[in-house]
Amino acid sequence: MNRLHHHFYRRDARTVARELLGQVLVTIVGGSRTSGIIVETEAYLGEGDQASHSRNGPTDRNRAMFMAGGHVYVYFIYGMYYCFNVVTGPEGSGEAVLVRGIEPLEGIEVMRQRRERPGNSTAGLADGPGKLAIALGIGPELNGADLATDHRISIEGGTAVPDERLLVTPRIGITKSVEHHWRWICAPPGR
DNA sequence: CCTGCGATATTCT
DNA sequence: GAATATCGCAGGC
């Protein structure tokens, strides 16, 4: 498969969030390759988006969010979880896409072990931002990585998802700038 | 199916 | 002190 490159990421976060659905997020961590199809994303902009970590400019925590599109922004939340973001737009814009869900593809047994979720089903393995970070072995060491060149993480071109299979909703877990509907999710299978 | 709550650490006010 | 881009479990329907 073809790794996505800078021209894909250096656009508006809302465009990238929409087009990331159906692409394949791959990590090679601890000798294990794991991957999944991206099925849920949210866009966060820079100045003016009061729900965005970048709203007050660069800090030690959000520094990677101001890198050029195509880098990785990983943040720690609720004292327990890491969340994976794809930085978008030009350098300094402070935009990113939070990847909130994947459909497991490769390395499912490894994901199960990392998640401490025995069983045969992939249901619930990586259907949330904290869950997919654990399942894919994503931690703070990947903050600032370049998705175009890093050997540990990449996004590969998958199958585009047509508009009729998408839902667009408000973003989850925020209390500010709730009027923006910047969450994209693949509709449940069937029907 | 749904709702509520505790865990736990960093950042913000 | 309060809030936070979350999750898993308990309990009620």
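Proteins get letters first, then strands, A, B, ... in listed order; numbering begins at 1 in each.
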Donor-acceptor list for residues 80-91 of chain A side chains, cut-off 3.5 Å, not counting sequence neighbours:
from	atom 1	to	atom 2	distance (Å)
A:Asn85	ND2	A:Tyr73	O	3.2
A:Thr88	OG1	A:Glu95	OE1	3.2

Pairs: protein N or O with nucleotides 8-11 of chain B N or O, under 3.5 Å:
from	atom 1	to	atom 2	distance (Å)
B:dT8	O2	A:Tyr78	O	2.1
B:dA9	N3	A:Gly79	N	3.4

Residue pairs meeting side chain to side chain donor-acceptor pair (under 3.5 Å), one or both in residues 150-160 of chain A, sequence neighbours left out, come to A:Asp150-A:Arg152, A:Ser154-A:Glu156

Which atom pairs, donor and acceptor, lie under 3.5 Å between side-chain atoms of residues 179-187 of chain A and protein residues at least two apart or in another chain?
from	atom 1	to	atom 2	distance (Å)
A:Arg183	NE	A:Glu40	OE2	2.8
A:Arg183	NH1	A:Thr169	OG1	3.1
A:Arg183	NH2	A:Glu40	OE2	2.9

The dot-bracket string of DNA chain C, counting Watson-Crick and G-U wobble pairs with both distances under 3.5 Å, using [ ] for crossing pairs and | for pairs to another strand, is ||||.|||||||.

Can you list the residues that meet the side-chain contact (heavy atoms from CB on, under 4.5 Å) rule with A:Glu47, with sequence neighbours excluded?
none

Non-hydrogen atoms of A:Arg171 and A:Ser177 that approach each other most closely
NH2-O, 3.3 Å

Can you list, by residue number, the residues of residues 90-102 of chain A that have a non-hydrogen atom closer than 4.0 angstrom to DNA chain C?
A:Leu98, A:Arg100

Qualifying residues under side-chain hydrogen bond (donor to acceptor under 3.5 Å, both in side chains), relative to A:Glu19, sequence neighbours excluded:
A:Arg11

Taking only N/O atoms, report every protein-nucleotides 8-12 of chain C pair under 3.5 Å with atom names and distance.
from	atom 1	to	atom 2	distance (Å)
C:dG8	OP1	A:Arg115	NH1	2.6
C:dG8	OP1	A:Arg115	NH2	3.2
C:dG8	OP2	A:Lys131	NZ	3.4

List the steps and the verdict of salt bridge (charged side-chain N to carboxylate O under 4.0 Å, His left out) for A:Arg18 and A:Asp12.
CA-CA 10 Å; A:Arg18 162 68 182 86; A:Asp12 187 284; over 6 Å; no

For residues 117-132 of chain A, which side-chain donor-acceptor pairs fall under 3.5 Å, sequence neighbours excluded?
from	atom 1	to	atom 2	distance (Å)
A:Ser121	OG	A:Ala123	N	2.8
A:Asp127	OD1	A:Lys131	NZ	2.7

Those residues of residues 43-52 of chain A lying under 4.0 Å from DNA chain C by at least one heavy atom
A:Tyr44, A:Ala51

Under the side-chain contact (heavy atoms from CB on, under 4.5 Å) test, which residues partner A:Asp146, sequence neighbours left out?
A:His6, A:His71, A:Ala148, A:Thr149

Give the rounded distance in Å between these two atoms: CG of A:Asn56 and C1' of B:dT13.
11 Å

